[in-house]
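What follows is a single structure, written as structure tokens, with notes after it.
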Amino acid sequence: MVRGTGVSFLRPGSLQAPFPTPGTESAMRDPRYDVLFEPVPIGPVTARNRFYQVPHCCGMGYRYPSSSAAMRGVKAEGGWAVVCTEEAEIHPSAEITPYLENRIWDDQDLPHLKALTEAVHAHGGLAGIELVHNGMHAPNHYSREVPMGPSHRPIDNGAPLQARAMDKTDIANFRRWHRKAAIRARDAGFDIVYVYAGHDMSLLQHFLSRRHNERTDEYGGSLENRVRLIREVLIDTKEAVGDRCGIAFRFAVDELLGDEGITAEGEGHDVVAMLAELPDLWDVNVSAWQNDSQTARFAEEGYQERYTRFVKALTSKPVVGVGRYTSPDAMVRVVKQGIMDMIGAARPSIADPFLPKKIEEGRIDDIRECIGCNICVIGDDISAPIRCTQNPTMGEEWRRGWHPEVIPAAKSRERVLIVGGGPAGLEAARACGARGLEVVLAEAGETWGGRALRESRLPGLSSWGRVKDWRLGQLHKLANVEMYLASALSADAILSYGIPHVALATGATWRRDGIGLTRHQALPGLDTVGAFTPDDFLGDGNGIDRLPSGPIVIYDDEGYVMGGVLAEMIAKRGHEVTLVTPLELVSYWTVHALDQPFIHKRLIESGVTIRLNTRLAACRESTAELACAFTDAPSQIDCAALVLVTSRLPNDEVTLDLMAREADWADAGVKSVKAIGDCHAPATIAAAVYAGHRYAREFGEIIDPDVTPFRREAIGVA
Ligand code: ADP
Ligand code: SF4
């Protein structure tokens, strides 16, 4: 019935959700992975296996505690032996407003922390808490306490504030606060309590650091002196709660600053040697956060091994490390090679909270692999609850009641036509299929994946193809989903099929008129210059071969990944490239994904000329006329071709046609039509996946647009 040459996967289906309900499959673990399921003692407690969710931010913290508890509980349900909180500030002088972290200042924090430990314990996990004083990283915007650190230094986030050098009373206070927080953590039910010297965000790391610590007392100078406070706090914590809780030490063994910082060959090595047996567990990584959580564009799976592999030789205590591991073979390798005892994960546990269970049940193909895009980090960095490109249920466990592996069967076996096989369409089809609906998925092109496929061909973004790969893998298991390629559907065609529910996921197209984030009118003179958009370089478009010789100007008035990545790609093909942007940074929004500095560096290394704070005012044949974003002062550069990375318009022709013909729906048997993803409003791939998932979850429900679509956390009145 659907025009096309695609393969149909229609087989007799079932009304039940066709995915195995977690925990109901008989164990079929590949014996090669047995080593990953060995228990690991951590001081007085024992982890049931080697899967360890290291502390990670989630934009929830003290503000959204029910959401946070539910999210961590789902990780334990998915098999992670240890599930940790994000950082928990131990005192009002340690807080990093506007970021939403945990707090353990006093007993008022205990109920929500208990909710979290209970959620983790309910599924057999150990709960860990990362106690933190942020030192000179804590501006204390909320508490208005005076920031503190080893020395008189500016607060490191640019606020016009300084941390004052701590005196002996301050040091004694800090030790007492940490000890009290550890006791509170134990009383809240935590099994693992952290001492934290990582990410350049911790008072203890600041004391350790030669660049931050210029003290002349017994806490400054020699390494022994700079380590003193860490040693004292480790001993304090052990004495306070070590009989009941494992004491973890999170330590950045290398700051990637060369001689200016801690290095794995130098002081990082020596600190591990000095404190080797003091903690019950070493959680080691690199610093600062942008180095620890590098995007896939800049770091491969296991990228931290070269820094952290020395640690195990110096301690008999278990070692956990991270490296965006999603492959069980890589995990087995690092254990067998003696690089680490436990597989640490933040992002892989976000993309797939059930990763351990899937390995345990022999369901390797079902693992939803992290793509290394750092959309999750962006959530935290903008003080919004975490979200994930691959896992649309992340952050929605409590407020929407979404489970990553379970989706309720639909009330009746209705038919749905989904038009467009990009991230939104694939996810809608997968999730509708999992609900037991009869799904027909039609895609105009010869391949699946839409922009997830197209953008994965750009330099460094191949892992983005996992968005498509995982969904196709799941769809191929669904008997009740028919899939057709080469099937460009019109409104006429759609009405002729008589399928009652239609979801349009037809994507978006980059604008060719120059209208973008800061330009609100079409760019003059575009007809006088060879103008390209990203669509000319993605997919099967051979835009790069059509570029003329001579200088290429990329105008980035969008500010996310695309402008920078195209500049890199075109420059690497030997073109002279100038990236012009009215924004103050290259790929501005990636600052929240932590990789903006890496992008800027790569563009410099690729020979791209960068013009920040500069508007494109007009084009005149082989000239781009520019203007200073502040003063309007004009300038000109040569421009053989212009690449406009500005904004996108929805591909909403079919939607509009169908809407215009609403009177024909009843005769055609159509009951509902809905646009989802980029064809509704262009956004990130994460937003498109979310839209597809939401469509499936809400299918058959009557949605009242006047009602807040999720549960809200209570706001207390003291
Ligand atoms: P999203 O991110 O919202 O999923 P994409 O642009 O990635 O959007 O994907 C949209 C997909 O829809 C593309 O693969 C495109 O080929 C397909 N498409 C667009 N129009 C039609 C149509 N009329 N019929 C079938 N498929 C379509
Ligand atoms: Fe991985 Fe991206 Fe999901 Fe973060 S948002 S966990 S980086 S897929």
Side-chain angles (χ1 to χ4, degrees), residues 22 33 36-37 40 47-60 67-87 102 116 119-120 123-130 192 194 248 250 283 285 289 292-296 301-302 304 320-328 330-331 334-335 340-361 363-364 366-377 379-380 385-398 402-405 463 466 470 686:
Y33 305 138
L36 301 175
F37 294 90
V40 181
R48 60 184 156 174
N49 60 40
R50 296 184 187 270
F51 293 93
Y52 193 111
Q53 184 245 275
V54 293
H56 72 74
C57 298
C58 63
M60 293 173 173
S67 303
S68 162
M71 182 269 283
R72 304 288 182 190
V74 163
K75 304 258 198 108
E77 187 189 352
W80 297 89
V82 178
V83 178
C84 297
T85 62
E86 62 274 67
E87 67 162 68
N102 252 313
L116 190 152
V120 172
H123 296 287
L126 297 176
I129 183 166
E130 186 178 66
I192 294 172
Y194 266 78
R250 196 174 206 194
D283 174 349
N285 61 3
W289 191 15
D292 189 24
S293 294
Q294 291 189 50
T295 55
E301 183 179 32
Q304 300 204 20
V320 58
V322 289
R324 224 176 52 246
Y325 294 102
T326 56
S327 143
M331 297 175 193
V334 294
V335 173
M340 56 186 80
D341 300 287
M342 302 191 78
I343 308 302
R347 290 170 291 177
S349 76
I350 294 165
D352 197 341
F354 274 64
L355 188 152
K357 263 235 155 97
K358 289 174 182 174
I359 298 174
E360 191 170 24
E361 292 172 354
R363 296 164 52 209
I364 307 304
D366 289 339
I367 294 173
R368 198 170 41 236
E369 291 184 287
C370 167
I371 72 166
C373 61
N374 279 8
I375 286 285
C376 49
V377 177
D380 178 68
I386 189 166
R387 70 264 346 252
C388 169
T389 300
Q390 278 283 58
N391 174 10
T393 68
M394 178 47 53
E396 307 293 344
E397 300 84 354
W398 179 83
W402 289 359
H403 188 281
E405 299 298 311
S463 61
R466 291 173 172 182
W470 183 77

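- The minimum heavy-atom distance between Y194 and E130, with the atom names listed, is CB-CA, 3.5 Å.
- A search for salt bridge (Lys or Arg N to Asp or Glu O under 4.0 Å) contacts involving E369 returns R466, not counting sequence neighbours.
- Contact record, Y325 with A330: CD2-CB, 4.0 Å, taken as the closest heavy-atom pair.
- Partner of D352 under the salt bridge (Lys or Arg N to Asp or Glu O under 4.0 Å) criterion, chosen from R347, K357, K358: K358.
- Comment: K75 does not engage E397 in a salt bridge, judged by the lack of any side-chain N to carboxylate O separation of less than 4.0 angstrom.
- Listed by chain and number, the residues in a side chain to side chain contact (heavy atoms under 4.5 Å, CB included) with D380 are C57, E101, W289 (sequence neighbours excluded).
- To the nearest 0.5 Å, the span separating CD on E77 from CZ on F354 amounts to 3.5 Å.
- A side-chain N or O of Q53 and one of R72 form a donor-acceptor pair less than 3.5 Å apart.
- Interatomic distance, M342 CE to L36 CG, rounded to the nearest 0.5 Å: 10.5 Å.
- Put simply, CG on D292 and CZ on R250 are 6.0 Å apart, with the number rounded to the nearest 0.5 Å.
- Between N49 and E360 there is no side-chain heavy-atom pair separated by less than 4.5 Å.
- The backbone N or O of P348 lies less than 3.5 Å from no partner atom in the side chain of R324, so there is not a single donor-acceptor pair.
- Note: C373 SG to Q390 CD = 8.0 Å, rounded to the nearest 0.5 Å.
- By the 4.5 Å heavy-atom criterion applied to side chains, L355 and W80 are counted as neighbours.
- Between V82 and A47, the shortest heavy-atom contact is CG2-CB, 4.0 Å.
- Side chains of R368 and E405 form a contact here, defined as non-hydrogen atoms less than 4.5 Å apart.
- Among all heavy-atom pairs drawn from P328 and I367, the shortest one is CD-CD1, 4.4 Å.
- Listed here is the closest heavy atom pair of V74 and P353: CG1-CB, 3.9 Å.
- Put simply, the side chain of E301 gets close to the backbone of T326: a donor and an acceptor are under 3.5 Å apart.
- Note: I371 CD1 to T389 OG1 = 4.5 Å, rounded to the nearest 0.5 Å.
- Looking only at side-chain heavy atoms (C-beta outward), E361 and D366 stay at 4.5 Å or farther from each other.
- Ring-plane geometry between F37 and F51 is classed as tilted, the angle between the planes lying from 30 to 60 degrees on a 0 to 90 degree scale.
- Proximity of V335 to I343: side-chain heavy atoms (C-beta onward) are separated by under 4.5 Å at one or more points.
- Contact check for H56 versus C376: no side-chain heavy atoms found under the 4.5 Å cut-off.
- The side-chain heavy atoms of I364 and I359, taken from C-beta on, include a pair separated by under 4.5 Å.
- The two residues V54 and C84 come nearest to each other via the heavy atoms C-CB, 3.9 Å.
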